[in-house]
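The structure appears right after this line, and notes come after that.
All ligand and atom numbering here is 1-based and tracks the order in the structure. None of these values were measured; they are calculated from a predicted model.
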Amino acid sequence: MSDVVFRKGEHVLLRPLQRADIPAMRRWMNDPETTQFRLARAFPLMEKAQEEWLDRLSGSTTEFGLGIVTIEDNELIGWIGLHEVDWAHRTATTSTTIGEADHLGKGYGSEAKMLMLDFAFNALDLYAIRSRVMDDNKRSLAYARKNGYEEVGRLPKWIRRQDGERCDEVVLVVTQEQWRPLWQEYLRNRRSPG
Ligand SMILES: CC(C)(COP(=O)(O)OP(=O)(O)OC[C@H]1O[C@@H](n2cnc3c(N)ncnc32)[C@H](O)[C@@H]1OP(=O)(O)O)[C@@H](O)C(=O)NCCC(=O)NCCS
(Lines give C-alpha, C1' and ligand atoms only; values in the text may rest on other atoms or scores of the structure.)
Protein backbone atom coordinates (compact mmCIF):
# COMPACT_ATOMS: atom_id res chain seq x y z
CA MET A 1 0.00 0.00 0.00
CA SER A 2 1.10 3.58 -0.62
CA ASP A 3 2.88 5.01 2.47
CA VAL A 4 1.11 8.31 1.92
CA VAL A 5 -2.62 7.99 2.54
CA PHE A 6 -4.93 10.99 2.47
CA ARG A 7 -8.22 9.06 2.57
CA LYS A 8 -8.67 5.30 2.68
CA GLY A 9 -11.73 3.40 1.53
CA GLU A 10 -12.48 -0.27 1.10
CA HIS A 11 -11.08 -0.71 -2.42
CA VAL A 12 -9.22 2.52 -3.19
CA LEU A 13 -7.26 5.15 -1.33
CA LEU A 14 -6.54 8.75 -2.25
CA ARG A 15 -3.12 10.30 -1.90
CA PRO A 16 -1.58 13.60 -3.08
CA LEU A 17 -0.36 13.56 -6.68
CA GLN A 18 3.40 13.52 -7.10
CA ARG A 19 5.93 14.08 -9.89
CA ALA A 20 6.29 10.34 -10.44
CA ASP A 21 2.59 10.26 -11.47
CA ILE A 22 3.14 12.59 -14.44
CA PRO A 23 3.94 9.93 -17.09
CA ALA A 24 0.76 7.95 -16.29
CA MET A 25 -1.37 11.09 -16.13
CA ARG A 26 0.06 12.34 -19.41
CA ARG A 27 -0.79 9.00 -21.02
CA TRP A 28 -4.39 9.25 -19.78
CA MET A 29 -4.89 12.93 -20.57
CA ASN A 30 -3.66 12.47 -24.16
CA ASP A 31 -5.73 9.32 -24.82
CA PRO A 32 -8.85 10.11 -26.89
CA GLU A 33 -10.75 7.21 -25.30
CA THR A 34 -10.26 8.82 -21.89
CA THR A 35 -10.62 12.45 -22.91
CA GLN A 36 -13.67 12.05 -25.19
CA PHE A 37 -15.97 13.19 -22.37
CA ARG A 38 -13.83 16.05 -21.08
CA LEU A 39 -15.56 19.42 -21.28
CA ALA A 40 -12.25 21.26 -21.42
CA ARG A 41 -11.00 20.94 -24.99
CA ALA A 42 -8.58 18.06 -25.15
CA PHE A 43 -5.46 19.73 -26.57
CA PRO A 44 -2.19 17.79 -26.57
CA LEU A 45 -0.78 17.88 -23.05
CA MET A 46 2.99 18.22 -22.71
CA GLU A 47 5.18 17.22 -19.80
CA LYS A 48 6.21 20.78 -18.91
CA ALA A 49 2.59 21.95 -18.73
CA GLN A 50 1.79 19.12 -16.42
CA GLU A 51 4.78 19.80 -14.17
CA GLU A 52 3.76 23.46 -13.94
CA TRP A 53 0.17 22.47 -13.12
CA LEU A 54 1.40 20.16 -10.36
CA ASP A 55 3.60 22.98 -8.98
CA ARG A 56 0.58 25.30 -8.91
CA LEU A 57 -1.44 22.66 -7.07
CA SER A 58 1.19 22.32 -4.37
CA GLY A 59 0.57 25.82 -3.00
CA SER A 60 -3.13 26.04 -3.71
CA THR A 61 -6.04 26.21 -1.28
CA THR A 62 -8.60 26.39 -4.08
CA GLU A 63 -7.58 23.38 -6.14
CA PHE A 64 -6.59 19.91 -4.96
CA GLY A 65 -5.50 16.81 -6.88
CA LEU A 66 -5.37 13.29 -5.49
CA GLY A 67 -4.24 10.04 -7.06
CA ILE A 68 -6.66 7.09 -6.95
CA VAL A 69 -4.78 3.94 -5.94
CA THR A 70 -6.21 0.41 -5.68
CA ILE A 71 -5.65 -1.02 -2.22
CA GLU A 72 -5.29 -4.62 -3.41
CA ASP A 73 -2.60 -3.98 -6.06
CA ASN A 74 -1.28 -0.58 -5.01
CA GLU A 75 -1.82 0.62 -8.59
CA LEU A 76 -2.40 4.23 -9.57
CA ILE A 77 -5.50 3.99 -11.80
CA GLY A 78 -6.66 7.59 -12.01
CA TRP A 79 -6.97 10.91 -10.28
CA ILE A 80 -9.66 13.07 -8.75
CA GLY A 81 -9.71 16.84 -8.40
CA LEU A 82 -11.52 19.35 -6.22
CA HIS A 83 -11.46 22.58 -8.19
CA GLU A 84 -12.68 26.17 -8.00
CA VAL A 85 -13.08 26.06 -4.22
CA ASP A 86 -14.86 29.32 -3.48
CA TRP A 87 -14.32 30.18 0.19
CA ALA A 88 -16.87 33.01 0.14
CA HIS A 89 -19.73 30.82 -1.06
CA ARG A 90 -18.29 27.50 0.17
CA THR A 91 -18.81 25.75 -3.17
CA ALA A 92 -16.54 23.85 -5.55
CA THR A 93 -16.45 21.52 -8.54
CA THR A 94 -14.96 18.05 -8.92
CA SER A 95 -13.52 15.98 -11.75
CA THR A 96 -12.57 12.32 -11.89
CA THR A 97 -10.58 10.28 -14.38
CA ILE A 98 -10.11 6.54 -14.17
CA GLY A 99 -7.31 6.36 -16.76
CA GLU A 100 -6.69 2.63 -16.79
CA ALA A 101 -9.47 1.26 -19.01
CA ASP A 102 -9.57 -2.20 -17.41
CA HIS A 103 -10.53 -0.52 -14.13
CA LEU A 104 -13.57 1.33 -15.47
CA GLY A 105 -16.99 0.34 -14.17
CA LYS A 106 -15.69 -1.51 -11.10
CA GLY A 107 -16.94 0.94 -8.51
CA TYR A 108 -13.55 2.61 -8.01
CA GLY A 109 -14.71 5.99 -9.33
CA SER A 110 -17.73 5.99 -7.01
CA GLU A 111 -15.63 5.20 -3.96
CA ALA A 112 -13.01 7.80 -4.90
CA LYS A 113 -15.76 10.42 -5.21
CA MET A 114 -17.22 9.40 -1.84
CA LEU A 115 -13.78 9.89 -0.24
CA MET A 116 -13.29 13.24 -1.97
CA LEU A 117 -16.71 14.38 -0.77
CA ASP A 118 -15.68 13.34 2.76
CA PHE A 119 -12.80 15.83 2.41
CA ALA A 120 -15.00 18.51 0.81
CA PHE A 121 -17.93 18.28 3.22
CA ASN A 122 -16.60 16.86 6.48
CA ALA A 123 -13.14 18.44 6.51
CA LEU A 124 -13.69 21.68 4.57
CA ASP A 125 -17.37 22.11 5.46
CA LEU A 126 -18.30 23.16 1.92
CA TYR A 127 -21.97 23.75 1.20
CA ALA A 128 -22.33 22.21 -2.25
CA ILE A 129 -20.38 20.71 -5.16
CA ARG A 130 -21.22 21.16 -8.81
CA SER A 131 -20.47 18.88 -11.70
CA ARG A 132 -20.80 19.49 -15.44
CA VAL A 133 -21.26 16.40 -17.56
CA MET A 134 -21.89 15.68 -21.25
CA ASP A 135 -25.33 14.19 -21.69
CA ASP A 136 -23.71 11.31 -23.62
CA ASN A 137 -21.52 10.35 -20.69
CA LYS A 138 -24.03 7.93 -19.16
CA ARG A 139 -21.50 6.33 -16.84
CA SER A 140 -20.49 9.69 -15.40
CA LEU A 141 -24.15 10.68 -14.94
CA ALA A 142 -24.87 7.35 -13.19
CA TYR A 143 -21.87 7.71 -10.94
CA ALA A 144 -22.70 11.31 -10.03
CA ARG A 145 -26.30 10.37 -9.15
CA LYS A 146 -25.05 7.45 -7.07
CA ASN A 147 -23.11 9.99 -5.00
CA GLY A 148 -26.18 12.13 -4.42
CA TYR A 149 -25.88 14.66 -7.27
CA GLU A 150 -29.11 15.88 -8.82
CA GLU A 151 -29.58 17.49 -12.20
CA VAL A 152 -30.38 21.19 -11.75
CA GLY A 153 -30.32 22.23 -15.36
CA ARG A 154 -28.85 21.73 -18.80
CA LEU A 155 -27.37 23.83 -21.57
CA PRO A 156 -28.85 22.53 -24.84
CA LYS A 157 -26.27 21.44 -27.45
CA TRP A 158 -23.55 23.30 -25.51
CA ILE A 159 -20.84 20.72 -26.16
CA ARG A 160 -19.22 19.86 -29.45
CA ARG A 161 -18.09 16.25 -29.23
CA GLN A 162 -14.83 15.08 -30.81
CA ASP A 163 -16.83 13.55 -33.70
CA GLY A 164 -18.40 16.94 -34.43
CA GLU A 165 -21.90 16.15 -33.10
CA ARG A 166 -23.35 18.42 -30.44
CA CYS A 167 -24.86 17.35 -27.11
CA ASP A 168 -26.29 18.95 -23.97
CA GLU A 169 -24.17 19.90 -20.98
CA VAL A 170 -25.87 18.63 -17.81
CA VAL A 171 -25.33 20.57 -14.58
CA LEU A 172 -25.57 18.50 -11.40
CA VAL A 173 -25.27 19.59 -7.77
CA VAL A 174 -24.95 17.77 -4.45
CA THR A 175 -25.27 19.64 -1.19
CA GLN A 176 -23.68 18.55 2.07
CA GLU A 177 -27.17 17.88 3.43
CA GLN A 178 -28.10 15.61 0.49
CA TRP A 179 -24.81 13.73 0.72
CA ARG A 180 -24.74 13.08 4.47
CA PRO A 181 -27.16 10.08 4.53
CA LEU A 182 -25.18 8.47 1.66
CA TRP A 183 -21.98 8.90 3.66
CA GLN A 184 -23.58 7.26 6.69
CA GLU A 185 -24.75 4.38 4.48
CA TYR A 186 -21.27 4.07 2.94
CA LEU A 187 -19.67 3.90 6.41
CA ARG A 188 -22.17 1.24 7.52
CA ASN A 189 -21.57 -0.91 4.44
CA ARG A 190 -17.82 -0.74 4.00
CA ARG A 191 -15.57 -3.18 5.76
CA SER A 192 -13.57 -1.31 8.36
CA PRO A 193 -10.36 0.02 6.80
CA GLY A 194 -7.30 -1.72 8.27
C1 LIG B 1 -16.93 8.59 -14.87
C2 LIG B 1 -16.00 7.70 -14.05
C3 LIG B 1 -15.16 8.52 -13.11
C4 LIG B 1 -16.89 6.73 -13.22
O5 LIG B 1 -16.05 5.86 -12.49
P6 LIG B 1 -16.22 4.27 -12.64
O7 LIG B 1 -15.34 3.64 -11.63
O8 LIG B 1 -15.98 3.88 -14.05
O9 LIG B 1 -17.76 4.08 -12.30
P10 LIG B 1 -18.40 3.09 -11.23
O11 LIG B 1 -17.93 1.70 -11.49
O12 LIG B 1 -18.16 3.65 -9.88
O13 LIG B 1 -19.94 3.14 -11.66
C14 LIG B 1 -20.83 4.12 -11.19
C15 LIG B 1 -22.22 3.82 -11.71
O16 LIG B 1 -22.21 3.93 -13.13
C17 LIG B 1 -22.87 2.81 -13.69
N18 LIG B 1 -22.21 2.49 -14.95
C19 LIG B 1 -21.03 1.87 -15.12
N20 LIG B 1 -20.76 1.79 -16.45
C21 LIG B 1 -21.81 2.36 -17.09
C22 LIG B 1 -22.10 2.60 -18.46
N23 LIG B 1 -21.26 2.23 -19.44
N24 LIG B 1 -23.27 3.25 -18.75
C25 LIG B 1 -24.14 3.63 -17.80
N26 LIG B 1 -23.88 3.44 -16.47
C27 LIG B 1 -22.73 2.82 -16.13
C28 LIG B 1 -22.65 1.70 -12.71
O29 LIG B 1 -23.67 0.73 -12.84
C30 LIG B 1 -22.66 2.40 -11.38
O31 LIG B 1 -23.93 2.50 -10.82
P32 LIG B 1 -24.48 1.35 -9.86
O33 LIG B 1 -23.40 1.01 -8.89
O34 LIG B 1 -25.68 2.00 -9.24
O35 LIG B 1 -24.80 0.18 -10.71
C36 LIG B 1 -15.07 6.84 -14.99
O37 LIG B 1 -15.87 5.99 -15.77
C38 LIG B 1 -14.16 7.67 -15.88
O39 LIG B 1 -13.12 8.12 -15.43
N40 LIG B 1 -14.54 7.85 -17.16
C41 LIG B 1 -13.71 8.53 -18.13
C42 LIG B 1 -13.53 10.03 -17.81
C43 LIG B 1 -14.85 10.71 -17.49
O44 LIG B 1 -15.84 10.52 -18.17
N45 LIG B 1 -14.81 11.52 -16.43
C46 LIG B 1 -15.95 12.31 -16.00
C47 LIG B 1 -16.05 13.56 -16.82
S48 LIG B 1 -17.45 14.54 -16.28
Close residues, ligand 1: non-hydrogen atom nearer than 4.0 Å:
T34, F37, T96, T97, I98, L104, G105, K106, G107, Y108, G109, S110, R132, N137, K138, R139, S140, A142, Y143, K146
Are V133 and L39 connected in the hydrophobic side-chain network, where two residues link if heavy atoms are under 4.5 Å apart?
no
Among all residues two or more places apart in sequence or in another chain, which pass the salt bridge (charged side-chain N to carboxylate O under 4.0 Å, His left out) test with E177?
none
Pairs of donor and acceptor atoms involving the side chains of residues 15-22, under 3.5 Å and at least two apart or interchain, shall be tabulated with distances.
unit_1: R15; atom_1: NH1; unit_2: D21; atom_2: OD2; d: 2.9
unit_1: R15; atom_1: NH2; unit_2: D21; atom_2: OD1; d: 3.1
unit_1: R19; atom_1: NH2; unit_2: D55; atom_2: OD1; d: 2.9
unit_1: R19; atom_1: NH2; unit_2: D55; atom_2: OD2; d: 3.2
unit_1: D21; atom_1: OD2; unit_2: Q18; atom_2: N; d: 2.9

Set out, in order, the CA-CA distance, both residues' side-chain angles and the distance that settles salt bridge (Lys or Arg N to Asp or Glu O under 4.0 Å) for E100 and R27, then state yes or no.
CA-CA 10 Å; E100 301 298 339; R27 183 160 50 76; 2.9 Å; yes
Restricting to pairs with a member in residues 42-51, which pass side-chain hydrogen bond (donor to acceptor under 3.5 Å, both in side chains), not counting sequence neighbours?
K48-E52
Before you tell me yes or no, could you show the steps for F119 and F6 under ring pair (Phe, Tyr, Trp, His ring centres under 6.0 Å), namely the whole-Å CA-CA distance, both residues' side-chain angles and the distance that decides it to 0.1 Å?
CA-CA 9 Å; F119 172 54; F6 184 72; 5.0 Å; yes
